[in-house]
Amino acid sequence: MTGTPPASDLQRMAVKVFVADPSAVVLETFVPVFHRWIQEHRVPGILVDVADYGHLPRSPGVVLVSHEANVAMDATEGPPGLLYTQKTALEGAFADRIKAVLKSALDACAKLEEEPEFKGALKFRRDEVLFLSNDRLAAPNTEEAFAALRPALASAFGTSKLSRDASDPRRRLAVQVSGVQS
């Protein structure tokens, strides 16, 4: 054994749900919304702070920081969208952990769509998402790691339409998931 954990041990992962219309994203609007979420405890977890990186190009945008996960309006990986980044360990099989992260991301999307500041203008696509590994040791950006994760990803997202971004092996493993059954 090399000491490298199997890809199925991956705990730190992210799911990005793209917006239908990127012009509907005005980052400054998310700051007071996320602050309200902290005050009203609108999402589960220990909510800590809001960080605004909107002034930086291709940035994480506006981030709601919590102990368990971060929720961000992100422009770093592909088109703008909600990036849900799981930071703490989840119980269960790998496919179940992916499903839990996807559910949390979709729940946050639904809550944002219902906020008065966005109602009617902000819509998220639920048919295509981006899955990201935040652990280059457990799941590096290699064909072998992708092959090991593929069955669980296909099961969790309800599709076999998965494609890995292999353009730069130094980047984190990113899998485009099409035909998501949410």
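Everything quoted here is computed from the prediction, not taken from an experiment.
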Drop me the distance from T142's OG1 to R164's CZ, to the nearest 0.5 angstrom.
6.0 Å
Could you give the distance from CE (M73) to OG (S59), rounded to the nearest 0.5 Å?
11.0 Å
Interatomic distance, CZ@R150 vs CD@E143, rounded to 0.5 Å, equals 7.5 Å
Within the structure provided, determine whether F30 and L112 are in side-chain contact (heavy-atom separation under 4.5 Å).
yes
From Y53 OH over to L27 CG, what is the distance, rounded to the nearest 0.5 angstrom?
13.0 Å
Are R42 and E114 ion-paired here, with the side-chain N under 4.0 Å from a carboxylate O?
no
From CA spacing to verdict: side chain to side chain contact (heavy atoms under 4.5 Å, CB included), N134, R172
CA-CA 7 Å; N134 261 354; R172 61 186 171 168; 2.4 Å; yes
Side chains of D168 and N141: closer than 4.5 Å at any heavy-atom pair?
no
side-chain hydrogen bond (donor to acceptor under 3.5 Å, both in side chains) partners of T159, counting only residues at least two apart
none
Heavy atoms from other residues, nucleotides or ligands near CZ of R36 exceed 12 (cutoff 6.0 Å):
yes
Quick one: pull up CG in L130 and OG in S163 and give me the separation to the nearest 0.5 Å.
9.0 Å
Can you get from L132 to V177 by hopping between Ile, Leu, Val, Met, Phe, Trp and Tyr side chains that sit under 4.5 Å apart?
no
Going hydrophobic residue to hydrophobic residue with side-chain gaps under 4.5 angstrom, can you get from V175 over to F94?
yes
Counting distance only, does the side-chain N/O of S155 pair as donor-acceptor with the main-chain N or O of P151 below 3.5 Å?
no
Minimum heavy-atom distance S160-A154, with the two atoms named:
CA-CB, 4.4 Å
Find out if a path of hydrophobic residues (ILVMFWY) with successive side-chain heavy-atom gaps under 4.5 Å connects F18 to V25.
no
So does E40 pair up with K111, basic N to acidic O under 4.0 Å?
no
Can R97 and Q86 be said to form a side chain to side chain contact (heavy atoms under 4.5 Å, CB included), step by step?
CA-CA 10 Å; R97 296 192 311 264; Q86 183 67 39; over 6 Å; no
So which atom in E28 and which in P32 form the shortest heavy-atom distance, rounded to 0.1 Å?
O-CD, 3.2 Å
So V101 and L90, do their side chains get closer than 4.5 Å, heavy atoms only?
yes
Taking the side chain as C-beta and beyond, is there a heavy-atom pair between Q11 and D135 under 4.5 Å?
no
Using the rule that Ile, Leu, Val, Met, Phe, Trp and Tyr join whenever any side-chain heavy atoms are under 4.5 Å apart, tell me whether V26 and F118 fall into a single cluster.
no
Give a yes or no on whether the backbone of A139 and the side-chain of S133 come within a donor-acceptor separation of less than 3.5 Å.
yes
Does a side-chain heavy-atom distance below 4.5 Å link E68 with I46?
yes
Any side-chain heavy-atom pair of L149 and L173 under 4.5 Å
yes
Shared ILVMFWY cluster between V65 and V71, side chains joined below 4.5 angstrom?
no
Taking it one step at a time, do H67 and K87 satisfy side chain to side chain contact (heavy atoms under 4.5 Å, CB included)?
CA-CA 7 Å; H67 172 72; K87 300 188 308 189; over 6 Å; no
Nearest heavy-atom neighbours spanning A121 and A24:
O-CB, 3.3 Å
With heavy-atom distances below 4.5 Å as the criterion, would you say the side chains of I38 and V50 are in contact?
yes
Looking at CZ of F124 and CG of L82, how far apart are the two atoms once the value is rounded to the nearest 0.5 Å?
5.0 Å
Would you indicate whether the side-chain heavy atoms of L162 and F146 approach each other to under 4.5 Å?
yes
Grab the two heavy atoms, one from L83 and one from A14, that are nearest each other, plus how far apart they are.
CD1-CB, 3.8 Å
Would E128 and Q176 satisfy side chain to side chain donor-acceptor pair (under 3.5 Å), going step by step from the backbone distance to the final call?
CA-CA 7 Å; E128 183 175 0; Q176 193 74 31; 2.6 Å; yes
Ignoring hydrogens and geometry beyond distance, is a side-chain donor-acceptor pair present between S23 and D21 at under 3.5 Å?
yes
For residues A156 and A95, report the shortest heavy-atom separation together with the two atoms involved.
CB-O, 3.5 Å
Starting from the C-alpha separation in whole Å, work towards a yes-or-no answer on side chain to side chain contact (heavy atoms under 4.5 Å, CB included) for D107 and Y84.
CA-CA 10 Å; D107 288 350; Y84 185 91; over 6 Å; no
L137 versus P140, closest heavy-atom pair with distance
O-CD, 3.8 Å
